[in-house]
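By convention in this document, chain letters (A, B, ...) are assigned in the order of the sequence lines, proteins followed by strands, and residues within each chain are numbered from 1.
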Amino acid sequence: MAAVSELIAQLKAEQRRLSERVIMEDVPPFESKIVAGVDVSYVESVAVGCLVVMDLQSQKTIQTEQKTVECTAPYIPGYFFLREGPVLIELLEDLHIPGPLLVDGNGTLHPRRLGLASHLGIRLDLQTVGVAKSLLMGEIQQRQGNMASILDHDDCVGTALWLTGRKNPVFVSVGHRISLSTAVEIVQHSSTSGYPEPLRRAHSIAKETLQELQTK
DNA sequence: GCGACAG
DNA sequence: ATCTTGTCGC
């Protein structure tokens, strides 16, 4: 029990340390129309991670990769990387991702500015964007058009974005090597029916794989 | 101390 | 996240 709080304290310190390395500028700038997305599905202690790379112009999936691993780490708000990090690192570490990577979770929209998307970006040196379906923290400011800034004291940590076809907003934040405005732009451009298509596809493929795994 | 809390 | 049927709507 004491070991758990010690682990949390260590993770917290590591988050603070790594967050200093987050780059909030477009490196490289977003020019191609290739966007990727990753998601993880679970059945008991089995986790299936899926990557989808798609071309926004043609709406075609140009690459799909999956990884199945054993995962017993608990989900603890603020420490999502503890649970999804291992699967995603195994899935992505040897791949070349030809465009920004959308991650189901937050980037800098996090108590210590290092949500899953940022942590993954730093660890694998990837350009990432955080997209969450519910608000982890921060105060949503007045809506202007289809967006609203999310503040934590004086820091703008993300943007609430109302996408066409979805009632509630998604919460976009900088993962790594990207600016908040470009992150929002990418999410808008890759969305269909109120949700980013690369994430929707990654989610459904991971779920299908899990179904097959259960059936066999 | 109480409540909130990405998936 | 996951457990889960029908049902309303385009």
Side-chain angles (χ1 to χ4, degrees), chain A residues 4-5 8 11-12 14-15 18-19 22 37-52 66-89 91-92 101-123 128-140 148 150-153 155 157-161 163-176 180 183-184 187 192-196 198-215:
Chain A
V4 176
S5 59
I8 294 296
L11 293 175
K12 190 175 288 187
E14 182 188 35
Q15 290 177 340
L18 293 180
S19 71
V22 171
V38 279
D39 191 38
V40 181
S41 283
Y42 303 86
V43 108
E44 295 178 353
S45 64
V46 176
V48 174
C50 178
L51 164 77
V52 163
Q66 296 189 76
K67 201 78 170 185
T68 298
V69 304
E70 177 76 11
C71 173
T72 54
Y75 161 65
I76 303 172
Y79 304 89
F80 194 27
F81 185 84
L82 182 65
R83 183 166 173 76
E84 298 215 335
V87 200
L88 295 176
I89 284 180
L91 171 66
L92 304 165
L101 177 69
L102 301 181
V103 179
D104 197 346
N106 296 304
T108 57
L109 177 30
H110 179 276
R112 291 162 294 280
R113 310 290 181 270
L114 198 85
L116 177 63
S118 297
H119 202 149
L120 214 49
I122 294 288
R123 293 285 277 260
T128 58
V129 174
V131 182
K133 296 177 290 298
S134 64
L135 189 65
L136 173 63
M137 49 87 65
E139 299 157 10
I140 300 177
I150 300 168
L151 268 46
D152 180 24
H153 299 89
D155 291 349
V157 293
T159 299
L161 179 66
L163 295 164
T164 306
R166 189 186 212 279
K167 181 173 185 178
N168 301 313
V170 290
F171 304 95
V172 181
S173 59
V174 169
H176 185 47
L180 182 55
V184 167
V187 171
T192 298
S193 302
Y195 199 65
L199 289 178
R200 173 181 287 134
R201 293 183 188 183
H203 185 272
S204 93
I205 291 171
K207 240 171 98 177
E208 283 176 14
T209 299
L210 221 42
Q211 296 288 326
E212 293 168 13
L213 260 162
Q214 288 185 95
T215 307

*Can you list the steps and then say if A:Leu109 with A:Leu135 is a side-chain contact (heavy atoms from CB on, under 4.5 Å)?*
CA-CA 9 Å; A:Leu109 177 30; A:Leu135 189 65; 4.3 Å; yes
*Ring-face cation contact, A:Tyr42 with A:Arg83, 6.0 Å cut, 45° max*: yes
*Are A:Lys133 and A:Asp104 within salt-bridge range, i.e. N to O under 4.0 Å?*
yes
_So A:Leu82 and A:Ile76, do their side chains get closer than 4.5 Å, heavy atoms only?_
yes
*Give one of base, sugar-phosphate or nothing for A:Gly78, where a contact means two heavy atoms less than 4.0 Å apart.*
base
*For DNA chain B, what is the dot-bracket line, given that a base pair needs Watson-Crick (N1 to N3, plus N6-O4 or O6-N4) or G-U wobble (N1-O2 and O6-N3) geometry with both distances under 3.5 Å, and | means paired with another strand?*
.......
*Would you mind classifying the nucleic acid contact of A:Asp104 as base, sugar-phosphate or nothing, using non-hydrogen atoms under 4.0 angstrom?*
sugar-phosphate
*Return no unless some side-chain N or O of A:Lys207 is found under 4.0 Å from OP1 or OP2 of C:dT2.*
no
*Would one find more than 12 heavy atoms of other residues, nucleotides or ligands at under 6.0 Å from atom CD of A:Glu70?*
yes
*When you check the gap from the basic side-chain N to the acidic O, do A:Lys207 and A:Asp39 get nearer than 4.0 Å?*
no
_Evaluation steps, side-chain contact (heavy atoms from CB on, under 4.5 Å), between A:Tyr79 and A:Gln15_ = CA-CA 9 Å; A:Tyr79 304 89; A:Gln15 290 177 340; 3.5 Å; yes
*Measure from CD on A:Glu44 to P on C:dA1 and round the result to the nearest Å.*
17 Å
*Taking the side chain as every heavy atom from C-beta outward, state whether A:Glu14 and A:His119 have any pair of such atoms under 4.5 Å apart.*
yes
*What is the nucleic acid contact for A:Tyr42, judged by heavy atoms within less than 4.0 Å: base, sugar-phosphate only, or nothing?*
sugar-phosphate
*asked:* Rounded to whole Å, how long is the line connecting atom CD of A:Gln211 with atom C1' of C:dT4?
replied: 12 Å
*Provide the start and end nucleotides, 5' to 3', of the part of DNA chain B that has atoms under 4.0 Å from heavy atoms of chain A.*
B:dC5 to B:dG7
